[in-house]
Amino acid sequence: MEKSFYEKAQDLARQVPFGRVTTYGAIAKKLGMIRSARMVGYAMNASHNLDDVPAHRVVNRVGLLSGKHHFEGTNLMQQLLESEGIIVKNNQIVDFEKYFWNDFK
DNA sequence: AGTGTGACCTTCA
DNA sequence: TTGAAGGCCACAC
């Protein structure tokens, strides 16, 4: 049974451990379609209804909280990341490369 | 069946 | 080096 693109993206996003972050491109690439990185964010939007999908751990390739605007508050995403020990400044993750996670299954 | 949209990425100037 | 434009795929209407 084939999972929808949304389910796949959500599943990968779910694999991101505590205190780590990843990028849409990494997820898209893991799905075999790096060109559909946009769809990953679109899938995140759908996964926003689910509590098991830490969408706040997923950011763009530069570590910018591009999707923060989609969260309830204006800085809810930032607070969630800071709550995990990740430093965020100007909607951007500090030392993003250090927190970057790319060891998906 | 076709058009429009989108939490992006890559490349050209 | 920095800035801007295009492309790309999947889903909803």
Side-chain angles (χ1 to χ4, degrees):
Chain A
M1 173 166 166
E2 288 281 334
K3 283 184 179 177
S4 296
F5 190 89
Y6 283 26
E7 290 294 333
K8 292 181 184 176
Q10 291 167 6
D11 189 43
L12 285 174
R14 204 176 301 168
Q15 290 181 16
V16 180
F18 184 90
R20 294 285 182 184
V21 290
T22 187
T23 66
Y24 303 98
I27 296 174
K29 186 171 185 177
K30 211 65 189 171
L31 293 177
M33 35 182 97
I34 179 65
R35 304 167 198 179
S36 301
R38 303 185 82 187
M39 266 312 311
V40 178
Y42 205 87
M44 291 291 106
N45 189 6
S47 67
H48 196 284
N49 293 326
L50 305 176
D51 298 344
D52 300 74
V53 182
H56 61 272
R57 291 180 193 162
V58 184
V59 295
N60 62 353
R61 75 174 189 87
V62 297
L64 189 69
L65 307 185
S66 55
K68 84 145 199 184
H69 210 16
H70 274 254
F71 277 77
E72 295 181 0
T74 52
N75 47 347
L76 175 62
M77 190 174 182
Q78 181 174 340
Q79 286 184 359
L80 288 171
L81 291 170
E82 287 180 348
S83 182
E84 296 188 359
I86 298 171
I87 303 168
V88 179
K89 190 163 187 165
N90 291 339
N91 302 334
Q92 188 172 5
I93 297 176
V94 181
D95 294 331
F96 170 70
E97 295 180 356
K98 189 168 73 172
Y99 296 108
F100 181 69
W101 176 261
N102 189 15
D103 190 12
F104 291 104
K105 272 191 294 193

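On a predicted model such as this, the values are computed, not experimentally measured, just so you know. Within every chain, numbering begins at 1; the chains are lettered A, B, ... in the order of the sequence lines, protein sequences first and strands thereafter.
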Rounded to the nearest Å, what distance is computed from the [atom1] atom of residue [X] to the [atom2] atom of nucleotide [N]?
X	N	atom1	atom2	result
A:His69	B:dG6	NE2	C1'	14 Å
A:Asn75	B:dA7	CG	C1'	17 Å
A:Lys68	B:dG6	NZ	C1'	19 Å
A:Tyr42	C:dC13	OH	P	8 Å
A:His70	B:dT5	NE2	P	14 Å
A:Asn60	B:dA7	CG	P	12 Å
A:Met44	B:dC8	CE	P	12 Å
A:Ile34	C:dC8	CD1	C1'	11 Å

| When you check the gap from the basic side-chain N to the acidic O, do A:Arg57 and A:Glu84 get nearer than 4.0 Å? |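 The answer is yes: the pair qualifies as a salt bridge.
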| Does A:Ala26 offer a backbone N or O that forms a donor-acceptor pair with the side chain of A:Thr23 under 3.5 Å? |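 Looks like yes, one N/O pair under 3.5 Å.
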| DNA chain C: 5'-proximal contact among A:Arg38 and A:Met33 (nearest heavy atom) |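 The residue mapped nearer the 5' terminus is A:Arg38.
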Choosing from [options], which nucleotide comes nearest the side chain of [X]?
X	options	answer
A:Phe71	C:dC11, B:dC9, B:dA7	B:dA7
A:Arg35	C:dA10, C:dC8, B:dA7	C:dC8
A:Arg61	C:dC9, B:dC8, B:dT10	B:dT10
A:Asn45	B:dC8, B:dA7, C:dC9	B:dA7

| said: Tell me every residue that passes side-chain hydrogen bond (donor to acceptor under 3.5 Å, both in side chains) with A:Lys29, counting only those two or more places apart in sequence or in another chain. | reply: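 Per chain and number, A:Lys29 pairs via side-chain hydrogen bond (donor to acceptor under 3.5 Å, both in side chains) with no residue.
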| field | Inter- and intrachain pairs under side chain to side chain donor-acceptor pair (under 3.5 Å), touching residues 30-42 of chain A, at least two apart | value |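 Every pair satisfying side chain to side chain donor-acceptor pair (under 3.5 Å) with a residue in residues 30-42 of chain A: there are none.
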